[in-house]
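Quick notes on the structure that follows.
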Amino acid sequence: MRHALAALWVICHREALRFLGQRARMLAALVRPLVWLFVFAAGFRAALGLSITPPYQTYITYETYIVPGLCGMILLFNGMQSSLSLVMDREMGTMRLLLTAPLPRWWLLSCKLIAGALISVLQAYAFLAICALYGITFSPLGYVAILPALFLTALMVGALGIALSSTIKQLENFAGVMNFVIFPMFFLSTALYPLWKMAEASALLEMICRLNPFSYGVESIRFALYLTPNPLAWGVCVGASIAFMALALWGYDPAKRLIGRKV
């Protein structure tokens, strides 16, 4: 147990140093959601009417509605960016040294996942602080209740990123694979539009949004902000996190790679 906790601390410390050394990464993580909040939301406010749907008890502005979705955007992009570092570490040999440590492979990958999730949560809170300065505030308890939802969603998208990184052989292929994952997951979710709005446009789009696990991550954040339980969203996020992590462990299984080489 002592060695396992030491490994977790070292990996988290390494990821924190890497993050602090890349100030442009923090800026880029905040610029994307802020552009949506300050620019696109202002233009869509008049075009998109929002009805009173749970967890809201009254009509809200479009800016207020998309804040949980933009928090999810931060978690999604940072989770995929963390998996990019795995590809880089594998090319430089650092990943090989990490996986040869005398600890279970699932724990080492979990430490990497937890470290990335913690950084994502800090970025999401930084975004919420900017929203508060802009005038979009929530209840004090909401900021506390949102923490588990943010962390669980970060684990889910981070596990997906790790699973995808196991299939990428070269760093040059990463951007293309991520674009086929990030943008469909984000835009085909409830991050920017409610489900009933999607249903007005297309029943197929609504079905895709309902099947998208990222939608449930966004909804868990949204409901937590208003101190409203959402067991379905939490259950889907937990199940998706376990499934994605199982795929990641299978992808980084050395026995699988050896079998692939023989074939």
Side-chain angles (χ1 to χ4, degrees), residues 12 15-82 115-155 157-158 182-183 185-187 189-194 197 214-215 217-228 230 233:
C12 289
E15 290 299 311
L17 290 178
R18 172 183 285 179
F19 176 72
L20 293 175
Q22 300 172 346
R23 297 181 181 178
R25 179 179 170 185
M26 177 66 174
L27 182 61
L30 293 177
V31 165
R32 281 186 294 262
L34 289 176
V35 167
W36 275 99
L37 182 64
F38 296 147
V39 180
F40 291 100
F44 290 159
R45 184 192 304 168
L48 294 174
L50 296 176
S51 65
I52 302 176
T53 56
Y56 306 110
Q57 302 297 324
T58 183
Y59 288 101
I60 58 169
T61 63
Y62 183 63
E63 290 92 332
T64 302
Y65 174 83
I66 65 172
V67 165
L70 296 181
C71 288
M73 172 193 278
I74 294 174
L75 303 179
L76 178 62
F77 276 83
N78 191 71
M80 296 303 170
Q81 208 163 15
S82 296
L118 290 175
I119 292 175
S120 298
V121 170
L122 290 176
Q123 290 176 315
Y125 270 108
F127 171 71
L128 288 173
I130 297 176
C131 291
L133 294 176
Y134 184 61
I136 302 175
T137 59
F138 305 92
S139 69
L141 287 178
Y143 289 109
V144 178
I146 199 180
L147 178 58
L150 288 173
F151 188 68
L152 178 58
T153 305
L155 289 178
V157 296
I182 292 179
F183 292 111
M185 283 194 73
F186 179 70
F187 288 108
S189 72
T190 58
L192 300 179
Y193 323 101
K197 203 70 178 177
F214 182 67
S215 291
V218 171
E219 292 307 301
S220 68
I221 297 171
R222 190 187 314 280
F223 277 69
L225 271 175
Y226 291 88
L227 306 177
T228 305
N230 192 335

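Just so you know, these numbers use all the heavy atoms, side chains as well, and skip hydrogens, waters and symmetry mates.
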Are the side chains of [X] and [Y] in touch, meaning some heavy atoms are under 4.5 Å apart?
X	Y	value
Y143	T137	yes
L150	Y125	yes
V67	F138	yes
L118	F151	yes
L37	I130	no

Only one of N230, T153, L152 passes side chain to side chain contact (heavy atoms under 4.5 Å, CB included) with S220, and that residue is T153
Only one of L75, V157, I182 forms a side chain to side chain contact (heavy atoms under 4.5 Å, CB included) with F214, so which one is it? V157
Could you give the distance from [atom1] ([X]) to [atom2] ([Y]), rounded to the nearest 0.5 Å?
X	Y	atom1	atom2	result
I74	L128	CD1	CG	7.5 Å
L227	I146	CG	CD1	10.5 Å
Q123	N78	CD	CG	4.0 Å
L192	L70	CG	CG	6.5 Å

Between R222 (side chain) and T190 (backbone), is there a donor-acceptor pair under 3.5 Å? yes
Could you tell me whether the side chain of Y65 and the main chain of Y193 form a donor-acceptor pair under 3.5 Å? yes
Do you know the tightest heavy-atom contact between S120 and G79? OG-N, 4.3 Å
If you take the centroid of each ring, where Trp contributes its six-membered ring, are F38 and Y134 closer together than 6.0 Å? yes
